[in-house]
Structures are given as structure tokens and as C-alpha cells.
Amino acid sequence: MTRAKTEIAADDESAAATARFEADLARDLMSARDGRGTTQPPTTRAEGFGLDQAYRVGAVLDRRLQRRGYHPIGCKVGFTNRAIWPRFGLDEPILAPVYDRTLRLARPTAEIPIGMFHAPMIEVEVVFGFAQEGTDEGRPEWVALGFEIVDCHYPEWHLTPADSVADFGLHGALVVGRPVNVRQPGFDERVARLDDLEVRLFRNEAPVACGRGSDVLGHPLAALEFVPRLLPRFAGQEDPPSGGVVSTGTMTALEPLSPGERWRVEAAGVDLPGMEIVLTG
């Protein structure tokens, strides 16, 4: 065998091994999700596992969820705190799909069963909604506060950004509060001032966390700039779906969740309706 043929054969074998590894990883992550358990993080299984591979695994899981009847209706942006990027070698946030079956509405209260999750935690986010084609391109149709319930299928939440992308982007559920619509007076001003937004998070009426809109890439609108570039990494997701939602990243530290708790968020600095969830088993 010539040297060139040997190199081609080695490349083919390496590609096949990578494909088997990614398929095995997707199987293990889906099994962990279904069983509300854990699996070994991919970065500890394979040296050099990075975001490109993680998005390929995420795309496989996205297709499997769609075959189960999950319909993508938007996306979530994560790792939006630039201060931690150097620690992880990042130069942009991460992205993951949001589905019709993972979206909930709080008007202003929602009951959320958390028994389906392994290790759920809560984040407070700004959520934008986009209407059907024909409206101003790139202009949100509405804005609201939201709770993202994030979940991790690795032991003790030990992960990197690449591990996070592979694990469904850590997305468990997105609960969206009552929106402020584009037709309401002062809509554009409210959106423009979201960097001044202040939020306070309460568990059973005890304050546990606070944050600002400026904690999200300087302004929650900045998260939208990354969506067109990152979304194509998921097969069939070249553009945000019509009527889609974009959750822009957390303004508060992660807080663990338990059945029976009541969580509430209130806003200051920008007039956005608060919201509340009640957790069931």
C-alpha cells in the first residue's frame, strides 16, 4: 500500500471512530435524560472534545427529539457572561434549541412538574418573541421575563461549555412570563433600556439572588446577534422558526430546585411584569 493510500485509510478509520464515539455519546445522553440519571462528560472520555463535536452531538439529539414529536420553536443562548469566557477559552456564547414541549407560560403563575429532571436549577432571563414573516426584520414582537429550568446529566454538574452543548444545551424547560407587546406604548424604549433592568429572585418569599440586564453580554439584545451564526449548527435550523422565542442568558446565579417550592421574580428599572412558578414533584 502506498503512503497516500495508507494516510487515506487512516483518515477513514479515524472518521469512523469519531462517528461511533459521537453516536455512543448521543445514545448515553438520551438514556440519561430518559432515566433522569447521569453519564460521563464527553470531555473526560475523549481528549480534545470541543464545541464542533459537541454541536454535532447536539444535532443528533435534536433530530431524535424531533422524531419523538418535539417541535423546535426557538432557541436559548448560554454562557453569556463574558467574564468567564477566558476561563473556558470561549469567544462567543453557546446555543441550543427550545421546543414546544419544553415551553411553558406563566400568566402570571405556572405549575411546573420537576420530577422529569435529574438535577434542575433555575435562571432568570430576558426572553424575546418574533412574529411571522412580514414584520420588521430582526425586531422583537414582544419581550418578557422568563425562568429557564436547566438540567445536567453529568455527576455533580461537572462540565465545560462543550459538555453543556452536547447535553441538550442543559435545556430543561423555559417558562415565559406575561409579555410586553410591540404595540404597547413605550415598547422600543423598554427594549433599548434592558441593560438597566434589575431583577430579584425569591424562593418561598425569601430573596435568594439578583441581577441586571447588563450581565447578559452588556445588553440582552446582544445575544440576538449570535443566533444566525450559531443556529445552523443544528440540522434544519438555518433560521429562527416563525413565531420563535429566544432566551438570552441568565441574569442570576444558578439556584437548585425542589418540589413544593414557589419561585418568584420581580423587575425594576424597566417595566416588565413579574412572574411566579410553583414546583410539583
Side-chain angles (χ1 to χ4, degrees), residues 70-78 80 93 95-112 122-150 169 171-201 211-228 230-231 237 239-252 263-277:
Y70 286 70
H71 177 63
I73 58 169
C75 59
K76 57 156 287 185
V77 186
T80 51
L95 198 78
V98 172
Y99 303 93
D100 55 349
R101 295 190 183 185
T102 63
L103 182 70
R104 304 287 189 274
L105 303 179
R107 300 293 193 265
T109 302
E111 188 174 281
I112 307 297
I122 195 168
E123 303 175 340
V124 179
E125 311 204 356
V126 170
V127 183
F128 293 111
F130 293 86
Q132 297 179 355
E133 296 180 3
T135 58
D136 293 344
E137 184 177 357
R139 186 189 188 196
E141 177 76 4
W142 53 261
V143 62
L145 289 177
F147 286 137
E148 190 187 8
I149 296 176
V150 291
H171 177 61
L174 178 63
V175 189
V176 181
R178 193 168 70 248
V180 175
N181 192 277
V182 67
R183 290 178 291 277
Q184 293 179 242
F187 175 82
D188 289 329
E189 180 185 357
R190 279 190 247 197
V191 169
R193 294 181 52 246
L194 283 172
D195 54 336
D196 293 329
L197 175 66
E198 299 178 359
V199 295
R200 296 181 68 200
L201 179 63
R212 297 180 59 91
S214 58
D215 295 333
V216 181
L217 298 169
H219 195 297
L221 277 176
L224 303 180
E225 300 173 7
F226 293 93
V227 173
L230 295 175
L231 202 53
Q237 290 285 327
D239 297 297
S242 177
V245 301
V246 177
S247 190
T248 57
T250 185
M251 295 177 285
T252 55
W263 289 82
R264 178 172 62 86
V265 63
E266 59 183 34
V270 178
D271 187 12
L272 289 180
M275 58 182 292
E276 182 179 71
I277 58 173

Closest heavy-atom contact between [X] and [Y]?
{"X": "V176", "Y": "V127", "value": "CG2-CG1, 4.2 Å"}
{"X": "D195", "Y": "G218", "value": "CB-O, 3.4 Å"}
{"X": "L272", "Y": "L194", "value": "CD1-CD2, 4.0 Å"}
{"X": "V180", "Y": "F187", "value": "O-CE1, 3.3 Å"}
{"X": "P273", "Y": "L145", "value": "O-CD1, 3.5 Å"}
{"X": "L217", "Y": "P93", "value": "CD1-CG, 4.1 Å"}

Should L201 and I122 be marked as a side chain to side chain contact (heavy atoms under 4.5 Å, CB included) after you check the CA-CA gap, both sets of side-chain angles, and the distance that decides it?
CA-CA 10 Å; L201 179 63; I122 195 168; 4.2 Å; yes

I'd like to know whether T248 forms a side chain to side chain contact (heavy atoms under 4.5 Å, CB included) with T80, so could you lay out the CA-CA distance, the side-chain angles of the two residues, the decisive distance to 0.1 Å, and finally the verdict.
CA-CA 8 Å; T248 57; T80 51; over 6 Å; no

With rounding to the nearest 0.5 angstrom, report the OG1 to CZ distance, T252 to F147.
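Going from OG1 on T252 over to CZ on F147, the span is 8.5 Å.
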
From L103 atom CG to H71 atom NE2, the distance as rounded to the nearest 0.5 Å:
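The distance works out to 11.5 Å.
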
Under the criterion side chain to side chain contact (heavy atoms under 4.5 Å, CB included), I'd like the reasoning laid out for V175 against I112: C-alpha separation, chi angles, the key distance, then a yes or no.
CA-CA 9 Å; V175 189; I112 307 297; 3.9 Å; yes

Please list, chain by chain and in numerical order, all residues satisfying side-chain contact (heavy atoms from CB on, under 4.5 Å) with [X], sequence neighbours excluded.
{"X": "H171", "value": "K76, V98, T102, E148, L174"}
{"X": "D188", "value": "R139"}
{"X": "D271", "value": "R190"}
{"X": "R212", "value": "D196, E198, S214, D215"}

Does any pair with a residue in residues 96-108 pass salt bridge (charged side-chain N to carboxylate O under 4.0 Å, His left out), and if so which ones, sequence neighbours excluded?
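Qualifying pairs: none.
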
Please list all pairs meeting salt bridge (charged side-chain N to carboxylate O under 4.0 Å, His left out) that have one or both residues in residues 176-186, counting only residues at least two apart or in different chains.
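Listed by first then second residue: E141-R183.
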
Who pairs with Y99 by ring pair (Phe, Tyr, Trp, His ring centres under 6.0 Å), at least two apart in sequence or on another chain?
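Ring pair (Phe, Tyr, Trp, His ring centres under 6.0 Å) check on Y99 returns Y70.
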
Donor-acceptor contact below 3.5 Å, side chain E189 vs main chain G186
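Looks like no, no N/O pair under 3.5 Å.
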
Verify, without hydrogens or angle tests, whether E276 (side chain) and W263 (backbone) share a donor-acceptor contact under 3.5 angstrom.
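Not confirmed, E276 side chain does not pair with W263 backbone.
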
Validation row: L95, F226 side chains within 4.5 angstrom (heavy atoms)
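Of all side-chain heavy-atom pairs linking F226 with L95, none is under 4.5 Å.
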
Would you please name every residue forming a salt bridge (charged side-chain N to carboxylate O under 4.0 Å, His left out) with E123, sequence neighbours left out?
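Not a single residue meets the salt bridge (charged side-chain N to carboxylate O under 4.0 Å, His left out) criterion with E123.
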
Using side chain to side chain donor-acceptor pair (under 3.5 Å) as the criterion, list what pairs up with R264, not counting sequence neighbours.
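For R264 the side chain to side chain donor-acceptor pair (under 3.5 Å) partners, ignoring immediate neighbours, are E205, E266.
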
Under the side chain to side chain donor-acceptor pair (under 3.5 Å) test, which residues partner T250, sequence neighbours left out?
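Counting only residues at least two positions away or on another chain, T250 forms no side chain to side chain donor-acceptor pair (under 3.5 Å).
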
